[in-house]
Amino acid sequence: MGIVEKIKEIEAEMARTQKNKATEYHLGQLKAKIAKLRTQLLEPPKGSSGAGEGFEVTKYGHGRVALIGFPSVGKSTLLTLLTGTHSEAASYEFTTLTCIPGIIHYNDTKIQLLDLPGIIEGASEGKGRGRQVIAVSKSSDIVLMVLDASKSEGHRQILTKELEAVGLRLNKKPPQIYFKKKKSGGISFNSTVPLTHVDEKLCYQILHEYKIHNAELLFREDATVDDLIDVIEGNRKYMKCIYVYNKIDVVGIDDVDKLARQPNSVVISCNLKLNLDRLLAKMWDEMGLVRVYTKPQGQQADFDDPAVLSTDRGGCTVEDFCNHLHRNLVKEVKYVLVWGTSARHYPQHCGLSHILHDEDVVQVVKKKEKEDGGRGRFKSHSTAPARISDREKKAPLKT
């Protein structure tokens, strides 16, 4: 029996099992088994040499956005409108067969937009080259899930399920669970809040399913069984996702209003070019890019070429900004002067741990090089040799 058949068999058993207090331990073990099998499914087959054929393209710009959706929902048309890069669009499905990159120039930054082939139900198991598509989306900073506004809401649930099956968690934060394997000492279980979804016995059973018998486990929030399994697996990626509903020109105004009020959702029309500016603004807010302008000493600030930082790529502190300019600059910094919304007054003297905001102006003041031994009569040591035998002998006096 293959891995896919085993997963389907366990899912069928979970569907048959009634959910109550007596069966929660059994269901927890079944969830752990499915998570282990799906991790095996993502691993490359044994004996395979080299990497398989994929869609990976070189990272470019200050951020990366991936377009994911079913075939024929308008991903290629959206890429062409936002970037100007031509992507083949036609009235039949699977027009796009490979990854097509484009560049969005927005707010003095360059954002890479990837048009990926449409994925179908069962993509997490490898159908329709779904694994390669999802692998590229894992390397992006944010996901745009393009949906057809004229079709049912079930498409969004199917796509979310397929992405979660391969370890992508959309619009979720990592669970506040501390987990660490040990060599001995058994399992140490603690919690700082009352737990309503799991208990000590259930955690022990899930850990034993993974053959872990010595570990530390600390719950800092009321987490579920799925959160615990995600922490034990350790290969989950938590990403932001914007749900983009295209083709709003073919549905009624009431339906458009209902879709637009959903969280993390934007309604657009590629055919009539409606609401594209709102989509770009939403994308910018979710990516959290921070533009920092430099100001040389005694000169005007340079507002043409900003340094672009982000929390996901390195951080937004003064130290991260210095490392962005040059890796040795941090050692030479005495202090920095900051103008902008992150400063309490203009200019503010800041250290390396100060967090910068968007459109801040920064002037870096370096340490002055110290002269060895002081100057003039304040010299701390003479230039004469240390040993008497090394000193230059004077000629004897003539008498």
Side-chain angles (χ1 to χ4, degrees), residues 3 6-7 10-11 14 19 21 23-44 46 124 131 134-135 137-143 160-161 163-241 288 309-317 319-320 323 330 352-353 355:
I3 297 175
K6 287 180 182 177
I7 291 173
I10 295 172
E11 285 178 342
M14 288 177 63
K19 293 181 182 178
K21 201 75 177 172
T23 60
E24 63 178 7
Y25 301 111
H26 180 59
L27 287 170
Q29 282 185 311
L30 292 178
K31 286 180 180 178
K33 284 180 181 177
I34 285 182
K36 282 174 65 179
L37 290 171
R38 280 185 174 147
T39 304
Q40 292 176 20
L41 198 62
L42 294 175
E43 292 174 356
K46 292 181 180 179
S124 57
R131 280 195 215 166
I134 296 171
S137 64
K138 269 190 173 182
S139 67
S140 59
D141 300 315
I142 192 172
V143 170
T160 305
K161 183 181 175 184
L163 294 177
E164 287 194 345
V166 294
L168 273 176
R169 300 289 178 264
L170 303 179
N171 296 324
K172 291 182 181 177
K173 291 184 179 179
Q176 296 294 310
I177 302 174
Y178 172 76
F179 172 72
K180 183 181 179 183
K181 290 184 183 179
K182 296 190 298 184
K183 292 184 178 178
S184 61
I187 296 173
S188 170
F189 178 87
N190 287 298
S191 64
T192 59
V193 293
L195 300 178
T196 58
H197 303 290
V198 296
D199 58 6
E200 193 170 351
K201 181 183 174 184
L202 179 57
C203 293
Y204 280 23
Q205 286 188 347
I206 292 172
L207 289 171
H208 289 166
E209 186 66 39
Y210 281 93
K211 297 179 181 177
I212 298 171
H213 306 289
N214 302 291
E216 285 183 32
L217 195 61
L218 173 63
F219 284 80
R220 294 194 179 97
E221 67 176 9
D222 187 14
T224 61
V225 178
D226 297 319
D227 293 335
L228 176 60
I229 292 172
D230 288 348
V231 171
I232 295 171
E233 285 283 348
N235 59 355
R236 307 299 190 235
K237 181 155 188 195
Y238 297 85
M239 298 183 67
K240 293 177 181 175
C241 176
L309 311 173
S310 70
T311 310
D312 298 331
R313 293 191 180 192
C316 299
T317 62
E319 184 177 359
D320 301 322
N323 288 328
V330 176
L352 294 176
S353 60
I355 298 175

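Quantities reported herein were computed from a predicted structural model and do not represent experimental measurements. Residue numbers count from 1 along this sequence.
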Legend entry - NZ-CD1 distance between Lys33 and Ile10, expressed to the nearest 0.5 angstrom: 6.0 Å

Legend entry - Nearest atoms (heavy-atom pairs only) where Cys241 meets Asn171: N-OD1, 2.9 Å

Legend entry - Over 12 non-hydrogen atoms of neighbours within 6.0 angstrom of NZ in Lys237: yes

Inset, instruction - Tell me, with the steps shown, if Leu168 and Ser137 meet side chain to side chain contact (heavy atoms under 4.5 Å, CB included). - result: CA-CA 9 Å; Leu168 273 176; Ser137 64; 3.8 Å; yes

Inset, instruction - Can you sort out the partners of Ile355 under side-chain contact (heavy atoms from CB on, under 4.5 Å), two or more places apart, ordered by chain and number? - result: Thr317

Legend entry - Euclidean distance, Leu228 CG relative to Ile232 CD1, rounded to 0.5 Å: 4.0 Å

Scan the side chains in residues 187-202 for donor-acceptor partners under 3.5 Å anywhere in the protein, sequence neighbours excluded, and list what turns up.
{"residue": "Ser191", "atom": "OG", "partner": "Val193", "partner atom": "O", "Å": "3.4"}
{"residue": "Thr192", "atom": "OG1", "partner": "Phe219", "partner atom": "O", "Å": "3.2"}
{"residue": "Thr196", "atom": "OG1", "partner": "Asp222", "partner atom": "OD1", "Å": "3.3"}
{"residue": "Thr196", "atom": "OG1", "partner": "Asp222", "partner atom": "OD2", "Å": "2.5"}
{"residue": "Asp199", "atom": "OD1", "partner": "Leu202", "partner atom": "N", "Å": "3.0"}
{"residue": "Asp199", "atom": "OD2", "partner": "Tyr25", "partner atom": "OH", "Å": "2.6"}
{"residue": "Glu200", "atom": "OE2", "partner": "Tyr204", "partner atom": "OH", "Å": "2.9"}

Inset, instruction - With the side chain counted from C-beta on, respond yes when Cys203 and Leu217 share a heavy-atom pair under 4.5 Å apart, and no when they do not. - result: yes

Legend entry - Main-chain N/O of Val143 paired to Ser140 side chain as donor or acceptor, under 3.5 Å: no

Inset, instruction - For Gln176 and Glu221, work out which heavy atoms get closest and say how close. - result: N-OE2, 3.2 Å

Inset, instruction - Specify the closest pair of heavy atoms between Ala35 and Arg236, including all atoms of both residues, with the distance to one decimal. - result: CB-NH2, 4.0 Å

Legend entry - Exam field: side chain Asn214 to backbone Gly186, donor-acceptor pair closer than 3.5 Å: yes

Inset, instruction - Could you tell me the separation between the CD atom of Glu216 and the OH atom of Tyr178, rounded to the nearest 0.5 Å? - result: 5.0 Å

Legend entry - Polar side-chain atom of Glu209 near backbone of Gln29 as donor-acceptor pair, under 3.5 Å: no

Inset, instruction - Go through the steps for Lys173 and Tyr238 under the test side chain to side chain contact (heavy atoms under 4.5 Å, CB included), then give the verdict. - result: CA-CA 6 Å; Lys173 291 184 179 179; Tyr238 297 85; 6.0 Å; no

Inset, instruction - Supply the atom-to-atom distance Thr224 OG1 to Asp227 CG, rounded to the nearest 0.5 angstrom. - result: 3.5 Å

Inset, instruction - Can you see which heavy atom on Leu309 is nearest to which on Asp320, and at what distance? - result: CD2-O, 4.3 Å

Legend entry - Salt-bridge contact Glu164-Lys172 (side-chain N to carboxylate O under 4.0 Å): yes

Legend entry - Note, Val225 side chain near Leu27 side chain (heavy atom, < 4.5 Å): no

Legend entry - Non-hydrogen atoms of Lys181 and Ile212 that approach each other most closely: CE-CD1, 3.7 Å

Legend entry - Side-chain touch Glu24/Lys19, heavy atoms, less than 4.5 angstrom: no

Inset, instruction - Look up atom CD1 in Ile142 and atom CG in Leu170, then write down how far apart they are to the nearest 0.5 Å. - result: 10.5 Å

Inset, instruction - Kindly say whether Ile229 contributes a backbone atom to a donor-acceptor pair with the side chain of Lys31 at under 3.5 angstrom? - result: no

Inset, instruction - Might you point out which heavy atoms bring Ser310 and Cys316 nearest each other, and give the distance in Å? - result: C-SG, 3.7 Å

